[in-house]
Amino acid sequence: QVQLVESGGGLAQAGGSLSVSCAASGRTFSRYAMGWFRQAPGKEREFVAAITRSGGSTYYADSVKGRFTISRDNAKNTVYLRMSNLKPEDTAVYYCAATIKIVAITTDSSYNYWGQGTQVTVSS
C-alpha cells in the first residue's frame, strides 16, 4: 500500500513557474514508477510526465515537453514536477500516481495508487 500526498501548486501568471511535489508513505518507494497526470474542468484526465523507479528515464506529454521536468528523490520518498513557461491551458488539478509496472507508465490505467490532487491555475 502506498499513500501519496501532493503539495505545492497554486496560482501563476503565464510564462511563470511552479513546482509540485508528491510525498509517498512507506519504505518501498523505489519499487514504484511515478507519474503526474492532470485534469482540467470538463476534460478527461491526461498524462503529463512519468519517471522510472531509479529515475534513469523520464517521459513527457508533447504538450509539456521542454517546459516541465519530473524528478524524484528516493531517499526522501518524493517525486517532483517543475513547471516552467506556464500557459493558461496548463490549468488543471495535478495528480501524482504510483505503479509497480515497468512498462506502459504513460497510461493512467497502469497506476494503482493516486494522490488527492493539487490545483494549478495559470492566468493569462
Side-chain angles (χ1 to χ4, degrees):
Q1 191 79 8
V2 176
Q3 292 185 324
L4 304 172
V5 178
E6 298 99 337
S7 61
L11 178 64
Q13 291 188 332
S17 299
L18 279 176
S19 292
V20 290
S21 301
C22 175
S25 65
R27 291 176 283 183
T28 59
F29 180 69
S30 62
R31 296 182 184 179
Y32 294 88
M34 300 297 296
W36 285 97
F37 293 80
R38 67 186 182 186
Q39 187 167 22
K43 294 187 176 181
E44 294 187 352
R45 185 169 59 194
E46 65 175 359
F47 167 73
V48 176
I51 189 166
T52 54
R53 293 177 291 180
S54 67
S57 295
T58 55
Y59 305 88
Y60 297 93
D62 288 343
S63 59
V64 306
K65 201 171 294 183
R67 301 188 298 119
F68 289 14
T69 302
I70 187 171
S71 61
R72 68 188 295 162
D73 186 337
N74 285 347
K76 294 183 178 179
N77 284 12
T78 302
V79 62
Y80 307 93
L81 185 68
R82 174 68 175 174
M83 302 176 285
S84 301
N85 191 19
L86 284 161
K87 303 176 181 180
E89 51 263 42
D90 294 321
T91 296
V93 177
Y94 283 70
Y95 299 90
C96 73
T99 178
I100 202 72
K101 294 184 177 182
I102 59 173
V103 295
I105 63 172
T106 62
T107 304
D108 61 357
S109 60
S110 295
Y111 287 82
N112 312 100
Y113 305 102
W114 293 83
Q116 82 288 351
T118 186
Q119 178 70 46
V120 170
T121 303
V122 183
S123 62
S124 57

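Numbers for residues simply follow the sequence, beginning at 1.
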Check your understanding: Between Thr118 (side chain) and Gly8 (backbone), is there a donor-acceptor pair under 3.5 Å?
Key -> yes

**Study point:** Lys/Arg-Asp/Glu bridge criterion (N-O < 4.0 Å) met for Lys65, Asp62
**Key:** yes

**Study point:** N/O donor-acceptor pair under 3.5 Å between Tyr111 side chain and Ile105 backbone
**Key:** yes

Check your understanding: At their closest point, which heavy atom of Ala40 faces which heavy atom of Ala92, and how far apart are they?
Key -> N-CB, 3.8 Å

Review point. Does some side-chain heavy atom of Ile100 sit less than 4.5 Å from a side-chain heavy atom of Tyr32?
Key: yes

Exercise for review: Spell out, as yes or no, whether a donor-acceptor pair under 3.5 Å connects the side chain of Ser19 to the backbone of Arg82.
Suggested key: no

Check your understanding: Is it the case that one hydrophobic cluster holds both Tyr80 and Val20, taking links as side-chain heavy atoms less than 4.5 Å apart, direct or via other members?
Key -> no

Review point. Hey, does Lys76 have a side-chain heavy atom less than 4.5 Å from the side chain of Ser21?
Key: no

**Study point:** Smallest separation among heavy atoms of Ser54 and Asn74, with atom names
**Key:** CA-ND2, 4.4 Å

Point to revise | Reported OH-to-OG1 distance for the pair Tyr59 and Thr106, which is rounded to 0.5 angstrom | key: 8.5 Å

Point to revise | Any donor-acceptor N/O pair, Arg72 side chain to Phe29 backbone, under 3.5 Å | key: yes

Exercise for review: Hey, could you give me the OG1/CD distance between Thr28 and Gln1, rounded to the nearest 0.5 Å?
Suggested key: 10.0 Å

Check your understanding: Is it true that atom CD1 of Ile102 has more than 12 heavy atoms of other residues, nucleotides or ligands lying nearer than 6.0 Å?
Key -> no

Review point. Could you give the distance from SG (Cys96) to CD1 (Ile70), rounded to the nearest 0.5 Å?
Key: 9.5 Å

Review point. Val64 and Ile51: same hydrophobic cluster, using ILVMFWY side-chain contacts below 4.5 Å?
Key: yes

Review point. How far does CH2 of Trp36 sit from CZ of Phe47, to the nearest 0.5 angstrom?
Key: 12.5 Å

Exercise for review: Tell me, please, which residues at least two apart from Thr121 pass side-chain hydrogen bond (donor to acceptor under 3.5 Å, both in side chains).
Suggested key: Gln119

Check your understanding: When Leu18 is tested against each of Leu86, Leu81, Asp90, Leu11 for side-chain contact (heavy atoms from CB on, under 4.5 Å), which residue passes?
Key -> Leu86

Review point. Can you pull the disulfide (SG to SG under 2.5 Å) pairs that have at least one residue in residues 32-94, sequence neighbours excluded?
Key: none

Review point. What is the ring orientation for Tyr94 with Phe68, classed by angle as parallel under 30°, tilted 30 to 60°, or perpendicular over 60°?
Key: tilted

Check your understanding: What do you reckon, is CD of Gln3 surrounded by more than 12 foreign heavy atoms closer than 6.0 Å?
Key -> no

Exercise for review: State the CE-OG distance between Met34 and Ser71, to the nearest 0.5 angstrom.
Suggested key: 11.5 Å

Practice item. Please check if atom CD in Gln13 has more than 12 non-hydrogen atoms from other residues, nucleotides or ligands closer than 6.0 Å. Key: no

Check your understanding: Between the side chain of Arg67 and the main-chain N/O of Asn85, is any donor-acceptor distance below 3.5 Å?
Key -> yes

Practice item. Please tell me if the side chains of Val120 and Arg38 come closer than 4.5 Å, counting only heavy atoms from C-beta onward. Key: no

Check your understanding: Once the angle between the rings of Trp114 and Tyr95 is folded into 0 to 90°, is it parallel (under 30°), tilted (30 to 60°) or perpendicular (over 60°)?
Key -> perpendicular

Check your understanding: Under the 3.5 angstrom rule, does the side chain of Ser110 hit a backbone N or O of Ala104 as a donor-acceptor pair?
Key -> yes

Point to revise | Under 3.5 Å side-chain donor-acceptor pair for Ser30 and Arg53 | key: no

**Study point:** Any donor-acceptor N/O pair, Glu6 side chain to Gly117 backbone, under 3.5 Å
**Key:** yes

Review point. When hydrophobic residues are tied together by side-chain contacts of less than 4.5 Å, even through go-betweens, does Val79 share a cluster with Val93?
Key: no

**Study point:** Thr52 side chain vs Ser57 backbone, donor-acceptor pair below 3.5 Å
**Key:** yes

